[in-house]
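Note that ligands are numbered from 1 as they come in the structure, with each ligand's atoms numbered from 1 the same way.
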Amino acid sequence: MRIISWEEMQALDANCLYFGLLPLQLMENAGAAIAREVVASSPGKRVAIVAGRGNNGGDAFVAARHLSGYNATVYLLGRSRDISTEEARRNWEILERLHLDLREIKDAEDLMLDECDLIVDAIFGTGVRGRVSGLEAEAIDAINRSGKKVLSVDIPSGLGTNKAVRADYVVTFHRPKPDLGERVIVADIGIPPGAELFVGPGDLGLLKKRSSESHKGDSGRILVIGGGPYTGAPALTALAALRAGADIVTVAAPARAAKTISCFSPNLIVRELSEDHLSANDLQPLQDLIAAHDVVVMGMGLGRHPDTRDAIASIIPLAEKVVIDADALLPGLPLKGLVTPHAGEFQRISGISLIDLDYKERTELVRGYAWERGVTILLKGKVDLITDGEIVRANTTGNPGMTVGGTGDVLAGIAAAFYARASALRAASAAAFVNGRAGDLVYLEKGFGMLATDVVEMIPQAMRF
Ligand SMILES: NC(=O)C1=CN([C@@H]2O[C@H](COP(=O)(O)OP(=O)(O)OC[C@H]3O[C@@H](n4cnc5c(N)ncnc54)[C@H](O)[C@@H]3O)[C@@H](O)[C@H]2O)[C@H](O)CC1
Ligand SMILES: [K+]
């Protein structure tokens, strides 16, 4: 089973909530799973549950309720009015009303661990931060000194801090996580595969955060190489990258196009290339520009001049991170980074037709192609597919109004901005979600009268949750 990181698990939790799977439901399943393991492994019927005031404790409150027939005592570290989450509080209150054996303790000496056959450790889960001291630290010491068998809920409490429980075994939820040691039981808590397949707001949390001390350029410098016969397309990409949080966006465009692009917005920095189409003559200045940016996004509005094709072929290998879109999607060219075709463009580069195939067949073909070429593909469609050749994600935001020209250019800009802060797979997944959601928000106001510029303006709102 694939190991997922704690931050991926947090993102998955957020997506579950977005799809309507409530934390209280997951907690019920988590607690029931803990109780099942207690029954399966306890040497006797006396169980001491040592709980903190977060959701890890909440899981254990549920477990206590499922342990009828056992002699379970719940020790809450601190006061019940300080329980920090709604879900844990609700489960605590049920135990109170039903008169289970509950003890709110101020001192670790009040833990009667000698009397039990098994300790359930639910002091901290993934929410532990900083140093552990005071009551929690003393309780961890008491558990470690007890000589009793210890089952940790989700993670040995305090793992990764100055003080941690030494667990005999860990019951973790949904998937194995890193650093849990050897005796790990993975419990299903009712998260179906779709919750991992479909992109949601949790994926935005996987982009590297802007720190409070960030400087100009820290959150991404994006170079758009586009324009020629068309000027609106690269401008949309550039503005979308800015609205998606990039700090600096430069558009490098053929001479005449550059002048028009400059007129679209004072927010754009535009560099003029030497001719009226992209050509090998511009490789030197472009190389310098590429070195000064984190991500290159290219193709929008470039046109099909034969010199342009050769220039594109030379540029792609120069960029460390590149988003390849629209007129840069040509057969026989090198591929790298993130490739953003619709089905027609996919066929153009790969020779693979996706017409009349069902979802599974399409996915396998696109995944296989991404694997073979060593790139991430964002296949745009009614359901967007995102794959790096191993992992497959799908996005269902968006609406038929988005067939208006330019929304693909907007998507490329968002993807480029996110790519500066994450892997191609994470960037493309979050970008597809945000672009479609922005379109859905515009649809509410403008219906099918939506313009790509409206979608650009809605990006910040689509990123807020
Ligand atoms: N992953 C899932 O799908 C599910 C996880 N569940 C369980 O929820 C916990 C995470 O819960 P959370 O409330 O975020 O955090 P914790 O319970 O780990 O602890 C938070 C609690 O502790 C306080 N705190 C944090 N650090 C310290 C410190 N150094 N010293 C003192 N106090 C500290 C903080 O203020 C909070 O009060 C996860 O592990 C799972 O067990 C769901 O129930 C099921 C779905
Ligand atoms: K724990």
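- Taking any N or O of Asn56, backbone or side chain, at least one lies under 3.5 Å from an N or O belonging to ligand 1.
- Counting atoms of ligand 1 from 1 in the listed order, those under 4.0 Å from a heavy atom of Phe173 are 41 (O).
- Ion pairing of Lys149 with Asp168 is absent here, as no side-chain N (NZ or NE/NH1/NH2) approaches a carboxylate O to less than 4.0 Å.
- Using a 4.5 Å heavy-atom cutoff, the side chains of Thr237 and Val410 are not in contact.
- Among protein heavy atoms, the minimum distance from atom 20 (C) of ligand 1 is reached at Gly54 CA, 4.0 Å.
- Inspection of the Asp121 and Ser157 side chains reveals an N or O donor paired with an N or O acceptor under 3.5 Å.
- In Glu320, the CD atom is not crowded: 12 or fewer heavy atoms of neighbouring residues, nucleotides or ligands sit closer than 6.0 Å.
- Using a cutoff of 4.0 Å between basic side-chain nitrogens and carboxylate oxygens, Arg79 and Asp82 are scored as salt-bridged.
- Within a 4.0 Å radius of atom 41 (O) of ligand 1, the protein contributes one or more non-hydrogen atoms.
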**Request:** Evaluate the side-chain hydrogen bond (donor to acceptor under 3.5 Å, both in side chains) criterion for residues Trp92 and Glu96: first the C-alpha distance (whole Å), next the side-chain angles of each, then the deciding distance (0.1 Å), finally the verdict.
**Result:** CA-CA 6 Å; Trp92 173 266; Glu96 262 185 343; 3.2 Å; yes
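- For Asp454, the salt bridge (Lys or Arg N to Asp or Glu O under 4.0 Å) test picks out Lys446, with sequence neighbours left out.
- Look at Lys321 and Asp294 and you find no salt bridge, because none of the NZ, NE, NH1 or NH2 atoms lies under 4.0 Å from a carboxylate O.
- Using a 4.0 Å cut-off to heavy atoms of Arg131, the atoms of ligand 1 that qualify are 28 (C), 29 (N), 30 (N).
- The part of Asp154 lying near ligand 1 is the side chain, judged by heavy-atom distances below 4.0 Å.
- Contact annotation: Thr126 has at least one heavy atom less than 4.0 Å from an atom of ligand 1.
- Shortest contact from atom 45 (C) of ligand 1 to any protein heavy atom: Leu26 CB, 3.6 Å.
- Excluding waters, the set of protein N/O/S atoms under 3.4 Å from the K ion (ligand 2) reads Asn56 OD1, Asp121 O, Phe124 O, Val153 O, Ile155 O, Ser157 OG.
- Within the listing of ligand 1, atoms 25 (C), 26 (N), 27 (C), 28 (C), 29 (N) sit less than 4.0 angstrom from a heavy atom of Arg129.
- In this structure, atom 34 (C) of ligand 1 has its sub-4.0 angstrom surroundings free of protein heavy atoms.
- Electrostatic pairing of Arg2 and Glu390 does not count as a salt bridge here, judged by no charged N lying under 4.0 Å from a carboxylate O.
- Contact annotation for Asn55 and ligand 1: heavy atoms of both the backbone and the side chain come within less than 4.0 Å of the ligand.
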Please output the side-chain donor-acceptor pairs of residues 180-206 that fall under 3.5 Å, not counting sequence neighbours, one pair per line with the distance.
unit_1: Asp188; atom_1: OD1; unit_2: Gly190; atom_2: N; d: 2.8
unit_1: Glu196; atom_1: OE1; unit_2: Arg175; atom_2: NE; d: 3.4
unit_1: Glu196; atom_1: OE1; unit_2: Arg175; atom_2: NH2; d: 3.0
unit_1: Glu196; atom_1: OE2; unit_2: His174; atom_2: NE2; d: 3.2
unit_1: Glu196; atom_1: OE2; unit_2: Arg175; atom_2: NE; d: 2.7
unit_1: Asp203; atom_1: OD1; unit_2: Arg393; atom_2: NH1; d: 2.8
unit_1: Asp203; atom_1: OD1; unit_2: Arg393; atom_2: NH2; d: 3.3
unit_1: Asp203; atom_1: OD2; unit_2: Asn15; atom_2: ND2; d: 2.8
unit_1: Asp203; atom_1: OD2; unit_2: Gly200; atom_2: N; d: 3.0
unit_1: Asp203; atom_1: OD2; unit_2: Arg393; atom_2: NH2; d: 3.2

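- If you number the atoms of ligand 1 from 1 as listed, the ones under 4.0 Å from a heavy atom of Gly125 come out as 16 (P), 17 (O), 18 (O), 39 (O).
- Under a 4.0 Å N-O distance rule, the pair Lys177/Asp154 qualifies as a salt bridge.
- Residues passing the side chain to side chain contact (heavy atoms under 4.5 Å, CB included) test with Ala241 are Ile222, Ala246, Val249, Ala417, sequence neighbours excluded.
- In Ile189, the part holding a heavy atom less than 4.0 Å from any atom of ligand 1 is the side chain.
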**Message:** For a ring pair (Phe, Tyr, Trp, His ring centres under 6.0 Å) check, start with the C-alpha distance between Tyr18 and Phe433, then their side-chain angles and the critical distance, and finish with the verdict.
**Reply:** CA-CA 12 Å; Tyr18 174 75; Phe433 178 76; 5.5 Å; yes
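- Near Phe124, the atoms of ligand 1 lying under 4.0 angstrom from a non-hydrogen atom of the residue are 18 (O), 22 (O), 24 (N), 27 (C), 28 (C), 30 (N), 31 (C), 32 (N), 33 (C).
- When only interatomic distances are considered, the shortest N/O to N/O separation between Met9 and ligand 1 does not fall below 3.5 Å.
- A donor atom on one side chain and an acceptor atom on the other are not found under 3.5 Å apart for Thr376 and Asp388.
- Looking only at heavy atoms of the protein, atom 25 (C) of ligand 1 is closest to Gly127 O, 3.3 Å.
- Nearest protein neighbour of atom 7 (C) of ligand 1, counting heavy atoms only, is Asp59 OD2, 3.1 Å.
- Shortest contact from atom 3 (O) of ligand 1 to any protein heavy atom: Asp13 OD1, 2.5 Å.
- No N or O atom of Arg53 sits closer than 3.5 Å to an N or O atom of ligand 1.
- Taking 4.0 Å as the cut-off between side-chain N and carboxylate O, Arg46 and Glu115 do not count as a salt-bridged pair.
- Taking distance alone, with nitrogen or oxygen atoms compared against 3.5 Å, Ser84 approaches ligand 1 more closely than that limit.
- Per-residue contacts place Val128 under 4.0 angstrom from the following atoms of ligand 1 (heavy atoms of the residue considered): 18 (O), 25 (C), 26 (N).
- Remark: Arg65 engages Glu28 in a salt bridge, criterion side-chain N to carboxylate O under 4.0 Å.
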